[in-house]
Amino acid sequence: MPDTKVLKLVPKTQAEAAKPVEARADQKPAEQKAAAAARPAPQAAPARVDQPAPKPARAPEPADRPKLSPEEMLKIYRTMYLSRRLDDKEIQLKNQNKIFFQISGAGHEAVLVAAGMVLKSGYDWFYPYYRDRALCLQLGMTPLEQLWSAVGAEKDPNSHGRQMPSHWGHKKLNIVSQSSPTGTQLLQAVGCAEAGYRFKLIKELNKRATNFQKDEVVYVSLGDGTSSEGEFWEALNTACNLKLPVLFLLEDNGYAISVPVEVQTAGGDVSRLVENFPNLYLQRCDGTDAIESLQTMQRAVDYCRQQKGPAFVHAKVIRPYSHSLSDDERLYRSDEERTADAEHDPVKRFGTLLIDEGVADQAGLQKIKDEIDAAVNQAADTALASPQPAPDTAKLYVYSPTVDPTAKDFDTEASAQLTGNAGTMVDLINRCLHTEMARDPRVVVFGEDVADCSREESLDKVKGKGGVFKVTANLQRKFGSVRVFNSPLAEANIVGRAIGMATRGLKPVVEIQFFDYIWPAMHQIRNELALLRWRSGGDWSAPVVMRVPVGGYLKGGAVYHSQSGVSTFTQIPGLRVVYPSNALDANGLLRTAIRCDDPVLFLEHKHLYRQAYNKSPYPGDDFMVPFGKAKTVREGKDLSIITYGALVQRSVVAAKQAEQQGVSVEIIDLRSLAPYDWDAITATVKKTSKVIVAHEDSLSFGYGAEIAARISSELFEYLDAPVGRVAALDTFVGYAPQLEEAILPQASDVLAAITELHSY
């Protein structure tokens with residue numbers, strides 16, 4: 001239950017008078033009920049914003065006020081003023097066209113310095129958002145490091161010149177690289193905390209948990225606008241469900257660019273909407289008051305350190321500057337409203353407090369300001385003289401610089417010894433998961449329905465689910481619920497948590513139940529998972545494997561169980577995409593995916609899961625197929641087909657029919673789509689001089705368009721005919737079998753293309 005402190009920014013005397021009895025998450029039900037009853041009745045509408053608010057008056061000294069020495073009080077002021085001056089300096093540099101973007105943390109300084117004081121740099125973990133300049137300074141980031149970010153210097157520890165300023169990240173300080181999409185950091189923070197939770201419970205990892213602390217806290221912040229994102233609610237749900245030590249700091253400045261909080265949020269108060277989450281310790285504070293913020297943050301951090309669950313601090317702050325220098329708040333905020341906000345400027349308020357309490361006088365404060373101003377100017381001069389990244393570094397860190405899944409170390413095909421009865425693709429994927437989980441205790445498997453039975457007391461009474469296609473059957477029975485577990489029905493939740501876990505050293509192998517439903521996770525995949533290593537200049541990475549059943553030919557799969565949008569993912573730098581057509585390749589490619597150091601989209605065609613023609617005996621526990629190595633499925637001399645997935649077998653059927661007509665067809669199974677084997681494509685084109693690209697995706701803008709274009713561009717002199725293409729119609733997959741057959745490419749379509757191209 002929450003502390004119901006008034007959230008409006010009102011004079012301190014009024015706030016103290018209105019302060020109700022606090023209700024805490026650890027209170028007994030009777031106590032919670034009493035606390036709830038003690039809440040004041042809903043207040044009348046707040047004073048009109050066109051009336052200037054009274055100046056803050058000194059509040060009576062609370063009994064639990066932190067005991068701070070004069071030196072500590074001055075240090076707080078120094079950091080707050082430094083943060084503001086860095087904002088002002090960047091604004092000046094932007095107006096001089098010496099930097100290229102600016103977004104400030106002004107008005108948020110008090111609560112952020114407080115957060116940095118009660119958390120531990122390099123010990124706890126941090127997922128800040130772009131307003132958190134003061135937090136980063138308090139944790140140990142230097143003014144020069146922040147200005148390196150502003151000028152895009154290679155030395156910038158946040159992103160090495162690859163991201164906008166105020167996209168915080170610092171390896172030594174445990175500040176994980178952040179990005180522009182609002183709210184994507186929330187699920188990753190939950191995954192980061194969850195990694196610590198699971199490391200503690202996996203016995204084999206006890207000695208390897210060197211970067212985990214028993215009482216660590218994961219801090220994550222957001223603005224009031226971000227609370228409208230669905231991933232905010234998904235993050236709170238999982239954090240509360242698992243009682244994870246995540247500290248959520250909502251920095252509510254009343255605006256999401258130009259949209260006020262009452263338009264964003266029902267009732268205009270986010271914390272009212274979340275107060276019934278179980279295990280959540282909810283606190284409210286005036287985030288422009290450094291002392292009150294420090295008290296509040298200390299209580300919240302203590303709750304998390306005691307492993308009671310997550311804490312949520314709703315801090316009311318101000319935004320004295322526009323959203324960014326690309327925005328002008330005068331277009332939508334009245335002068336009266338902005339003047340009223342200025343009465344609560346945290347830097348001015350704390351300076352006044354220091355004078356009132358005799359910690360410093362005006363001359364002493366001015367001396368501090370002069371010292372900081374000089375230091376900021378010097379840091380700016382140094383930053384402006386620092387070189388930007390060299391142009392030839394642009395492709396560094398798209399993929400792992402140390403582990404290359406295309407290398408010979410991952411190629412054990414020649415030495416494979418096939419033993420036992422032939423198994424289906426499902427059998428060999430499942431066996432690979434079993435052996436890799438036994439080999440590496442860091443591997444965890446989760447997703448919707450992947451466990452045998454979430455309620456462990458029923459495990460001995462039921463056969464077990466193990467995925468809708470049984471691909472993960474018996475993994476939970478073998479390795480336990482700590483390493484194999486079900487997730488909420490929320491794809492962004494699955495991928496976002498996996499990113500946080502992988503950042504901490506676990507190896508998540510997650511399942512998106514159907515490719516058709518991967519789209520809610522697209523933000524996490526495109527803007528986070530694939531980009532993390534590059535945008536941080538190699539400081540952070542998240543080697544996650546996403547297993548995804550894909551494709552049609554199901555008879556009844558229809559629109560939402562037959563999608564095949566491969567090209568959407570193969571054009572994402574940083575993401576490996578593989579697509580086996582048979583059981584043996586599936587086993588070897590999945591093992592490579594798990595052992596490599598890059599994020600991998602592992603596509604499993606549903607129609608191929610249990611086909612008899614693609615079965616294989618088991619190749620051994622170290623069998624691997626390298627990425628970017630195609631397989632010649634059928635030798636030929638008249639014409640080549642380049643294909644993958646379900647079109648491999650359909651091409652084989654068509655090639656056998658063409659052979660009866662005297663046409664010799666070679667078939668290349670790409671197996672890996674990003675990267676793909678250009679050498680194999682070059683060799684087969686030079687050999688036959690005629691080529692067809694066949695795939696299940698739609699024809700227009702499909703994966704084959706890239707292959708066909710490159711062949712035409714780079715191998716034109718070897719071609720005796722235009723590049724042919726076979727693909728699905730530019731429409732959706734229908735439910736009726738006759739309709740599905742007409743939409744998806746069939747063996748007869750491949751044969752027709754062979755006949756036409758051969759006669760050219």
Side-chain angles (χ1 to χ4, degrees), residues 184 186-195 197-198 202 231 234-235 237-238 241-242 429-430 432-434 436-437 440-452 454 465-473 475-476 479-530 532 541-550 569 572 574-578 586 589-604:
T184 48
L186 292 157
L187 285 167
Q188 295 166 36
V190 170
C192 177
E194 187 175 356
Y197 162 76
R198 298 195 181 278
I202 301 172
E231 292 182 25
E234 293 179 23
N237 182 49
T238 296
N241 204 20
L242 296 178
I429 291 175
N430 179 270
C432 178
L433 290 170
H434 269 88
E436 287 304 295
M437 291 192 75
D440 187 350
R442 298 176 307 133
V443 177
V444 294
V445 172
F446 66 100
E448 299 165 27
D449 298 303
V450 301
D452 294 305
S454 288
K465 181 78 173 177
V468 295
F469 298 103
K470 306 297 182 186
V471 180
T472 55
L475 288 176
Q476 181 194 13
F479 299 102
S481 299
V482 175
R483 296 183 61 195
V484 183
F485 49 94
N486 286 331
S487 72
L489 199 159
E491 289 76 14
N493 178 287
I494 295 169
V495 177
R497 286 163 64 193
I499 295 170
M501 292 184 205
T503 301
R504 297 298 301 279
L506 288 176
K507 186 72 181 189
V509 180
V510 301
E511 178 181 304
I512 301 297
Q513 197 165 87
F514 289 93
F515 180 89
D516 315 70
Y517 308 133
I518 199 170
W519 311 114
M522 199 62 183
H523 235 345
Q524 292 290 346
I525 295 170
R526 174 63 177 82
N527 287 324
E528 303 296 330
L529 179 63
L532 181 59
S541 63
V544 174
V545 178
M546 297 174 290
R547 292 184 39 257
V548 187
V550 67
F569 295 90
I572 300 176
L575 183 65
R576 308 283 191 181
V577 182
V578 293
L589 287 168
L590 180 57
R591 188 169 285 106
T592 298
I594 294 173
R595 295 188 188 184
C596 86
D597 195 37
D598 295 315
V600 180
L601 180 65
F602 189 85
L603 297 171
E604 304 167 6

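Quick caveat, the model's predicted, so the values are computed rather than measured. Counting from 1, the numbers follow the sequence of the chain as shown.
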State, yes or no, whether a side-chain contact exists between [X] and [Y] at a heavy-atom distance under 4.5 Å.
{"X": "Val484", "Y": "Met437", "answer": "yes"}
{"X": "Arg483", "Y": "Val445", "answer": "no"}
{"X": "Arg547", "Y": "Ile429", "answer": "yes"}
{"X": "Leu475", "Y": "His434", "answer": "yes"}
{"X": "Ile525", "Y": "Ile518", "answer": "yes"}
{"X": "Asp452", "Y": "Lys465", "answer": "no"}
{"X": "Leu529", "Y": "Met546", "answer": "yes"}

Mind listing the closest non-hydrogen atom pair of [X] and [Y] along with its distance?
{"X": "Val545", "Y": "Phe602", "result": "CG1-CB, 4.4 Å"}
{"X": "Phe485", "Y": "Val444", "result": "CE2-CB, 4.4 Å"}
{"X": "Thr472", "Y": "Val450", "result": "OG1-O, 2.7 Å"}
{"X": "Val544", "Y": "Ala498", "result": "CG2-O, 3.6 Å"}
{"X": "Pro599", "Y": "Ala542", "result": "CB-O, 3.9 Å"}
{"X": "Ala521", "Y": "Val495", "result": "CB-CG2, 3.8 Å"}

Please confirm whether the backbone N or O of [Y] pairs with a side-chain atom of [X], one donor and one acceptor, at under 3.5 Å?
{"X": "Lys507", "Y": "Ala502", "value": "no"}
{"X": "Arg504", "Y": "Ala195", "value": "no"}
{"X": "Gln524", "Y": "Thr184", "value": "yes"}
{"X": "Asn430", "Y": "Val471", "value": "yes"}

[atom1]-[atom2] distance between [X] and [Y], expressed to the nearest 0.5 angstrom:
{"X": "Glu528", "Y": "Leu187", "atom1": "CD", "atom2": "CG", "value": "10.0 Å"}
{"X": "Tyr197", "Y": "Ile202", "atom1": "OH", "atom2": "CD1", "value": "10.5 Å"}
{"X": "Gln188", "Y": "Glu231", "atom1": "CD", "atom2": "CD", "value": "8.5 Å"}
{"X": "Asp598", "Y": "Thr592", "atom1": "CG", "atom2": "OG1", "value": "12.0 Å"}
{"X": "Leu589", "Y": "Cys596", "atom1": "CG", "atom2": "SG", "value": "11.0 Å"}
{"X": "Glu448", "Y": "Glu491", "atom1": "CD", "atom2": "CD", "value": "5.0 Å"}

(message) Please evaluate residues Gln513 and Asp449 with respect to the criterion side chain to side chain donor-acceptor pair (under 3.5 Å), reporting the C-alpha separation (whole Å), side-chain torsions for both, the decisive distance (0.1 Å), and the verdict.
(response) CA-CA 8 Å; Gln513 197 165 87; Asp449 298 303; 2.8 Å; yes
(request) Test side-chain contact (heavy atoms from CB on, under 4.5 Å) on Leu433 and Ile594 and set out the steps. (result) CA-CA 9 Å; Leu433 290 170; Ile594 294 173; 4.2 Å; yes
(request) Any chance you could lay out the side chain to side chain donor-acceptor pair (under 3.5 Å) test for Asn493 and Thr238, step after step, and finish with the verdict? (result) CA-CA 8 Å; Asn493 178 287; Thr238 296; 2.9 Å; yes
(request) Take Leu575 and Val600 through the test side-chain contact (heavy atoms from CB on, under 4.5 Å) and record every step on the way to the result. (result) CA-CA 6 Å; Leu575 183 65; Val600 180; 6.0 Å; no
(message) Are Trp519 and Phe569 an aromatic pair, judged by ring center distance below 6.0 Å?
(response)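 Yes - the distance between ring centres of Phe569 and Trp519 falls below the 6.0 Å cut-off.
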(request) Examine Phe469 together with Phe514 and report whether their ring centres are nearer than 6.0 Å. (result)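 When the ring centroids of Phe469 and Phe514 are compared, they turn out to be within the sub-6.0 Å range.
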(request) Could you walk me through whether Phe515 and Leu603 pass side-chain contact (heavy atoms from CB on, under 4.5 Å), step by step? (result) CA-CA 8 Å; Phe515 180 89; Leu603 297 171; 4.0 Å; yes
(request) Starting from the C-alpha separation in whole Å, work towards a yes-or-no answer on side-chain contact (heavy atoms from CB on, under 4.5 Å) for Cys192 and Arg497. (result) CA-CA 7 Å; Cys192 177; Arg497 286 163 64 193; over 6 Å; no
(message) Taking Glu436 first and then Arg595, would you say they form a salt bridge - that is, a charged N and a carboxylate O separated by under 4.0 Å?
(response)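 Arg595 and Glu436: salt-bridged.
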